[in-house]
Trainee: 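Take a look at the following structure, please.
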Amino acid sequence: MSSALVESDEAQSAVAGSVEAFVDALVLVKEAKLRQVFSEMGSAIVAFSGGVDSSYVAYVANAALGEKALCVTGESASLPSNQREQSSRIASEFGFRREVIQTEELEDVNYTTNNSNRCYFCKDELYKKLDYLATTRGVRFIVDGSTLDDLGDYRPGRTAAMEHGVRSPLIEVEMTKDEVRLLSRRAGLPTWDKPASPCLSSRIAYGLPVTIERLSAVDRGEEILRELGFREFRVRHHDNLVRLEISPAEMTRALQLEVIDSLARRFRDLGFKYVTLDLQGYRSGAMNEVLNLTT
């Protein structure tokens, strides 16, 4: 190889490295701004589910506010069991001041009817309880883990957040989900590469009532997929039919005969008559594909 080509390759590597450093610097500036936002708050309750975004918010809030940051996990049958365990483990490992409250969205027919605005009633229930907690504890703000990316998605829960004055500090500093993952990795948070995991009700087809039995079937079904070694997936409940979404990268394994047989048998044991594999694979918000969001 000629010296000119070597020098060209070295120059390209130097440029790539400087671009990466520049991007990292911008992300670190956002994190510094985030810490400042929390410092100016003085005290905050973090709606802490144990997912990627809320874990990072809890981490920064704890670093900036110490004992004046309270991480609160709302638990109900709609919270995935593995996420319940994960939130407890992270709080213990990183020294978060954490409390658990029980939410009662399943007692609200507006929620269990499972229309397209279901998420609003879930968040309204959570924020009512966090409002009460903030008032009785003298905490100034309630914050969530919404990122800049969430503004482009259908999220009726954000309406409830605005009505209750919940702040979204990641949006305030214009932080994206990818940046949250990068900074979570730097912080040593085990959530940095975890798949997103919204509430179990989001797996139940709109119009099909949300019940504890259906939530339990979804939760147990997703545990089956984890046991089989799958990493990114959704179990979509369509009454007698279950639709399994598995990431395209893992689809080859999902189509192996022995895996298909295991999935069919184990999901029928959960009460489903029909077990299907979505050939389009996992994609976030697939249940919203039936909605007309242009009006």
Side-chain angles (χ1 to χ4, degrees), residues 31-32 34-35 37-39 41-105 122-123 125-127 129-134 136-147 166-170 175 177 179-202 215-216 218-220 222-223 225-227 229-232:
E31 184 173 62
L34 185 63
R35 291 175 183 267
V37 166
F38 276 114
S39 295
M41 286 184 186
S43 59
I45 287 176
V46 179
F48 175 57
S49 67
V52 179
D53 302 326
S54 71
S55 293
Y56 175 67
V57 171
Y59 172 81
V60 177
N62 186 66
L65 297 173
E67 287 296 309
K68 292 187 178 181
L70 176 61
C71 303
V72 180
T73 304
E75 289 192 356
S76 73
S78 66
L79 183 69
S81 57
N82 76 304
Q83 198 161 331
R84 189 172 311 191
E85 297 163 3
Q86 182 171 279
S87 62
S88 176
R89 187 168 57 250
I90 291 172
S92 176
E93 180 179 349
F94 287 86
F96 300 162
R97 188 162 70 98
R98 174 181 178 260
E99 294 183 16
V100 175
I101 60 173
Q102 299 300 315
T103 57
E104 299 165 344
E105 65 271 18
C122 176
K123 293 299 186 183
E125 162 69 7
L126 172 63
Y127 296 142
K129 295 205 166 180
L130 295 185
D131 276 339
Y132 175 78
L133 199 59
T136 56
R137 302 287 183 85
V139 179
R140 295 183 62 195
F141 295 99
I142 299 168
V143 303
D144 69 7
S146 297
T147 69
V166 175
R167 291 179 63 174
S168 302
L170 297 177
M175 193 174 289
K177 289 185 181 296
E179 291 168 339
V180 168
R181 289 186 182 277
L182 173 63
L183 292 167
S184 295
R185 185 177 186 179
R186 286 174 179 268
L189 287 164
T191 49
W192 76 270
D193 64 343
K194 298 289 186 185
S197 183
C199 82
L200 294 172
S201 298
S202 67
L215 293 171
S216 177
V218 170
D219 197 26
R220 289 162 60 196
E222 295 200 344
E223 284 300 320
L225 291 175
R226 288 189 191 91
E227 289 171 12
F230 292 104
R231 189 174 183 280
E232 194 167 20

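Below, all heavy atoms of this structure are taken into account, side chains as well, without hydrogens, waters or symmetry copies.
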Trainee: Can you find a heavy atom in the side chain of E125 that is under 4.5 Å from one in the side chain of E105?
Mentor: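 SC-SC contact between E125 and E105 confirmed.
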Trainee: Any donor and acceptor pair, going by atom type alone, linking the side chain of S39 with main-chain N or O of R35 inside 3.5 Å?
Mentor: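 Yes: the side chain of S39 pairs with the backbone of R35.
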Trainee: Tell me yes or no: between the side chains of Q83 and S197, is some donor less than 3.5 Å from an acceptor?
Mentor: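 Yes, side-chain donor-acceptor contact under 3.5 Å.
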Trainee: Output yes when E223 and R226 qualify as a salt bridge under the 4.0 Å nitrogen-oxygen rule, no when they do not.
Mentor: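 A salt bridge links E223 with R226.
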Trainee: Please give me the minimum heavy-atom distance between L126 and A47, naming the atom from each residue.
Mentor: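 In terms of heavy atoms, the two residues are closest at CD2-CB, 4.4 Å.
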Trainee: Could you check whether any side-chain heavy atom of I45 comes within less than 4.5 Å of a side-chain heavy atom of L133, counting everything from C-beta outward?
Mentor: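 Sidechains of L133 and I45: in contact.
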Trainee: Side-chain donor-acceptor pair under 3.5 Å between S201 and S78, yes or no?
Mentor: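 S78 and S201 do not have a side-chain donor-acceptor pair below 3.5 Å.
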Trainee: Working to the nearest 0.5 angstrom, can you tell me the gap between F48 CZ and S87 OG?
Mentor: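 If I round to the nearest 0.5 Å, the distance is 5.5 Å.
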Trainee: Applying salt bridge (charged side-chain N to carboxylate O under 4.0 Å, His left out), can you list everything that pairs with E104, at least two apart in sequence or on another chain?
Mentor: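 K129.
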Trainee: Side chains of R84 and T73: any donor to acceptor distance under 3.5 Å?
Mentor: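 There is no such pair (donor and acceptor under 3.5 Å, judged by atom type) between the side chains of T73 and R84.
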Trainee: For D193, is there an ion pair with R231 - N to carboxylate O distance below 4.0 angstrom?
Mentor: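 Salt bridge present between R231 and D193.
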Trainee: Heavy atoms, side chains only, cut-off 4.5 Å: are V46 and L70 in contact?
Mentor: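 Side-chain contact under 4.5 Å: no.
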Trainee: Evaluate the criterion side-chain contact (heavy atoms from CB on, under 4.5 Å) for residue pair T147 and M175; output intermediate values, then yes/no.
Mentor: CA-CA 6 Å; T147 69; M175 193 174 289; 5.9 Å; no
Trainee: Quick one: CG on D144 to CG on L170, what's the gap to the nearest 0.5 Å?
Mentor: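 Answer rounded to 0.5 Å: 8.0 Å.
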Trainee: Atom CD in Q86, atom OG in S49: separation rounded to 0.5 Å?
Mentor: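 Spacing of CD (Q86) from OG (S49) equals 8.5 Å.
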Trainee: Going by distance alone, is a donor N or O of one side chain under 3.5 Å from an acceptor N or O of the other, for Y56 and E31?
Mentor: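 The answer is yes; a qualifying pair exists.
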Trainee: Where do V52 and V180 land on the side-chain contact (heavy atoms from CB on, under 4.5 Å) test, with the steps shown first?
Mentor: CA-CA 8 Å; V52 179; V180 168; 4.1 Å; yes
Trainee: Of all residues at least two apart in sequence or in a different chain, which pass the salt bridge (charged side-chain N to carboxylate O under 4.0 Å, His left out) check with K68?
Mentor: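 So K68 forms no salt bridge (charged side-chain N to carboxylate O under 4.0 Å, His left out) with any residue.
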Trainee: I want to check something: taking the side chain as every heavy atom from C-beta on, are F38 and P169 in contact at a cut-off of under 4.5 Å?
Mentor: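 With C-beta onward as the side chain, the pair touches.
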Trainee: Could you report the tightest heavy-atom contact between D219 and S81, atom names first, then the distance?
Mentor: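 That would be OD2-OG, 3.1 Å.
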Trainee: List the steps and the verdict of side-chain contact (heavy atoms from CB on, under 4.5 Å) for I142 and D131.
Mentor: CA-CA 8 Å; I142 299 168; D131 276 339; 3.3 Å; yes
Trainee: Look up atom CD1 in I90 and atom CZ in R98, then write down how far apart they are to the nearest 0.5 Å.
Mentor: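 Going from CD1 on I90 over to CZ on R98, the span is 9.5 Å.
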Trainee: Passes side-chain contact (heavy atoms from CB on, under 4.5 Å), Y59 versus F96? Steps please.
Mentor: CA-CA 8 Å; Y59 172 81; F96 300 162; 4.0 Å; yes
Trainee: P80 and C199: which non-hydrogen atoms are nearest, and at how many Å?
Mentor: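 Looking at all heavy atoms of both residues, the shortest contact is CD-CA, 4.5 Å.
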Trainee: Between atom CH2 of W192 and atom CZ of R181, what is the distance when rounded to the nearest 0.5 Å?
Mentor: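 Those atoms lie 8.5 Å apart.
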Trainee: What distance do Q102 atom CD and E75 atom CD have between them, rounded to the nearest 0.5 Å?
Mentor: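 Reported to 0.5 Å precision, the distance equals 5.5 Å.
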Trainee: Taking side chain as C-beta onward, heavy atoms only, is V143 less than 4.5 Å from V166?
Mentor: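 V143 does not reach V166 side chain to side chain.
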Trainee: Could you pull out all residues at least two apart from R137 that satisfy salt bridge (charged side-chain N to carboxylate O under 4.0 Å, His left out)?
Mentor: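 With neighbours one apart ignored, the set is E99.
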Trainee: If every non-hydrogen atom of T103 is compared with every non-hydrogen atom of S76, which pair is closest and at what distance?
Mentor: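 Taking T103 first and S76 second, the nearest heavy atoms are OG1-CB, 3.5 Å.
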Trainee: Ignoring hydrogens, what is the shortest heavy-atom contact between G74 and L79? Give both atom names and the distance.
Mentor: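 G74 and L79 have their closest heavy atoms at O-CD2, 4.1 Å.
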